[in-house]
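Each remark here refers to the structure printed beneath this line.
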Amino acid sequence: EDLVTQRTFADTLLSSMFPKQLHPFIREKEMGTLYAEDYKEASVIFAELSGCEEHTEKLQPEDVVLFYNQIFSKWDEVTERFKAEKIKII
């Protein structure tokens, strides 16, 4: 793979994990450098999908993908509507 392909892959991965305002910081700064922002107000939501294994074990692989796609698509809609940032950990 060429450097452009690798950079595109890295940027896509970065975008899926961190808010946009952190991308330049992560790309250009030294590892271990601290980063912090001050917010007067903030809300944090932690969500765990429990019981999905019991539901998805009965489904075909394609249906499992559709199931999770529906859930994550709804969360995407909510975060866009409220201009929220999301960090996904799977």
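Just so it is clear, the model here is predicted, and its values are computed rather than measured.
When only modelled atom types and interatomic distance are considered, T8 and D11 share no side-chain donor-acceptor pair under 3.5 Å.
Remark: E54 CD is loosely packed, at most 12 non-hydrogen atoms of other residues, nucleotides or ligands lying under 6.0 Å away.
Interatomic distance, R81 CZ to E77 CD, rounded to the nearest 0.5 Å: 8.0 Å. Considering CG of L59 and OH of Y68, their distance stands at 9.5 Å, rounded to 0.5 Å.
Taking 4.5 Å as the limit, every side-chain heavy atom of F67 sits out of range of all side-chain heavy atoms of D63.
By the criterion of side-chain heavy atoms lying less than 4.5 angstrom apart, applied directly or through intervening Ile, Leu, Val, Met, Phe, Trp or Tyr residues, L66 is not grouped with W75; the two fall into different hydrophobic clusters.
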